[in-house]
**Q** 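I am attaching a structure below and will ask some questions about it afterwards.
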Amino acid sequence: VNLREACYYTTLYQLKGKRVIRVQIVELSHKSLNSGDVFLIDADLQLIQWNGRSSSRMERAKALDLTVRLRDERMNRCKANIIIIDEGKETEEFWNILGGKGPISDAKSGGSDEEWENRALKDNKLYTINEDFSITLVDTKGCHFHSEML
């Protein structure tokens, strides 16, 4: 069963990071874009990867990986097209999906990738559910999650 068949919403994902690329859903608007990151518009039949001028090779590669996974997820019901757009080469359709054309923030306004990763490490929490169904917070010692913690 594919849950996407029941209801669908266009979504804008931001991909950001230096060593560990993280994905988050952001507002579907030109105001969310910045030159330092990669963004992915999931418009069901179209998957549009937008590469900011100053985005890293790692961010672009992770975005392409996510784009292909999203396309493959819905292959049983439709064939989604993948479109890759570099900053400055946006189409009218791209702007229409975002709700209208507008200025793109510079890379600095998106914040540094290092600060982003450090904040994500602090904000992420791992919990264990015990046999008695109580919940325990796992001390990750400020490290990235890995399979040995499971």
Side-chain angles (χ1 to χ4, degrees), residues 2-4 7-75 78-129 135-150:
N2 188 337
L3 296 178
R4 288 185 170 274
C7 185
Y8 185 77
Y9 300 98
T10 300
T11 307
L12 179 62
Y13 298 95
Q14 178 184 21
L15 291 95
K16 184 173 190 62
K18 188 170 184 175
R19 290 175 299 284
V20 178
I21 309 302
R22 302 210 183 254
V23 180
Q24 75 172 358
I25 295 174
V26 294
E27 178 187 0
L28 184 64
S29 167
H30 70 87
K31 295 174 189 171
S32 298
L33 302 178
N34 73 72
S35 294
D37 298 319
V38 176
F39 293 82
L40 172 61
I41 300 172
D42 181 354
D44 197 30
L45 295 177
Q46 288 190 330
L47 298 164
I48 304 170
Q49 177 179 326
W50 181 85
N51 299 321
R53 187 172 286 117
S54 302
S55 61
S56 72
R57 183 178 294 167
M58 289 283 291
E59 289 169 329
R60 292 174 189 216
K62 186 68 166 185
L64 184 58
D65 179 57
L66 176 60
T67 301
V68 169
R69 281 210 249 152
L70 288 171
R71 182 202 60 197
D72 292 349
E73 171 187 294
R74 60 193 71 157
M75 284 300 281
C78 68
K79 180 157 176 63
N81 294 318
I82 294 176
I83 301 166
I84 299 175
I85 300 174
D86 291 325
E87 184 175 349
K89 298 181 180 175
E90 297 84 1
T91 63
E92 192 66 34
E93 182 180 15
F94 171 83
W95 291 117
N96 288 339
I97 292 171
L98 282 179
K101 188 173 183 174
I104 297 170
S105 301
D106 64 7
K108 285 184 182 180
S109 69
S112 84
D113 289 346
E114 291 87 2
E115 290 173 11
W116 174 268
E117 286 181 7
N118 290 335
R119 189 179 82 229
L121 278 176
K122 254 191 330 189
D123 292 346
N124 289 342
K125 306 277 186 262
L126 181 64
Y127 294 92
T128 300
I129 301 175
I135 298 174
T136 306
L137 178 63
V138 175
D139 181 11
T140 59
K141 299 177 178 70
C143 297
H144 296 287
F145 295 168
H146 51 84
S147 59
E148 294 166 1
M149 293 178 170
L150 300 177

**Q** As a quick check of understanding, evaluate side chain to side chain contact (heavy atoms under 4.5 Å, CB included) for Ile48 and Glu93, giving each step before the final call.
**A** CA-CA 10 Å; Ile48 304 170; Glu93 182 180 15; 5.7 Å; no
**Q** Under 3.5 Å, is there a donor-acceptor pair between the side chain of Asn34 and the main chain of Asp37?
**A**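 Yes, the answer is positive, given that a donor and an acceptor are paired below the 3.5 Å cut-off.
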**Q** Would the distance check show the side chain of Glu90 and the main-chain N or O of Gly88 forming a donor-acceptor pair, the cut-off being under 3.5 Å?
**A**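 Checked: pair present.
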**Q** Walk me through it: do Gln46 and Ile97 pass the test side chain to side chain contact (heavy atoms under 4.5 Å, CB included)?
**A** CA-CA 10 Å; Gln46 288 190 330; Ile97 292 171; 3.9 Å; yes
**Q** Counting distance only, does the side-chain N/O of Glu59 pair as donor-acceptor with the main-chain N or O of Val38 below 3.5 Å?
**A** no
**Q** Is Glu87 reaching over with its side chain to a backbone N or O of Trp50, donor-acceptor style, under 3.5 angstrom?
**A**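 Not at all, since once roles are kept as given, no pair shorter than 3.5 Å links the two residues.
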**Q** Report yes if some heavy atom in the side chain of Ile84 is under 4.5 Å from a heavy atom in the side chain of Leu64; otherwise report no.
**A**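 Sidechains of Leu64 and Ile84: in contact.
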**Q** Return the OG1 to CG distance between Thr11 and Leu47, rounded to the nearest 0.5 Å.
**A**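 Going from OG1 on Thr11 over to CG on Leu47, the span is 10.5 Å.
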**Q** Does the pair Leu40 and Leu70 meet the rule for a side chain to side chain contact (heavy atoms under 4.5 Å, CB included), with working shown?
**A** CA-CA 11 Å; Leu40 172 61; Leu70 288 171; 3.6 Å; yes
**Q** Measuring from Asp86:CG to Gln49:CD, what's the distance to the nearest 0.5 Å?
**A**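 Between Asp86 CG and Gln49 CD, I get 8.5 Å after rounding to 0.5 Å.
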**Q** Look at the side chain of Ser54 and the backbone N and O of Gly52, then say whether any donor-acceptor pair between them is shorter than 3.5 Å.
**A**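 No; zero donor-acceptor contacts below 3.5 Å.
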**Q** List the atom of Asn51, the atom of Arg60, and the distance in Å for their closest heavy-atom pair.
**A**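 Minimum heavy-atom contact is OD1-CG, 3.6 Å.
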**Q** Where do Gly17 and Ile21 come nearest, in terms of heavy atoms and distance?
**A**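 It is O-CD1, 3.2 Å.
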**Q** Can you name the residues that form a side chain to side chain contact (heavy atoms under 4.5 Å, CB included) with Leu12, not counting sequence neighbours?
**A**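 In terms of side chain to side chain contact (heavy atoms under 4.5 Å, CB included), with neighbours along the sequence ignored, Leu12 is linked to Val26, Leu28, Ser32, Phe39, Ile41, Leu98.
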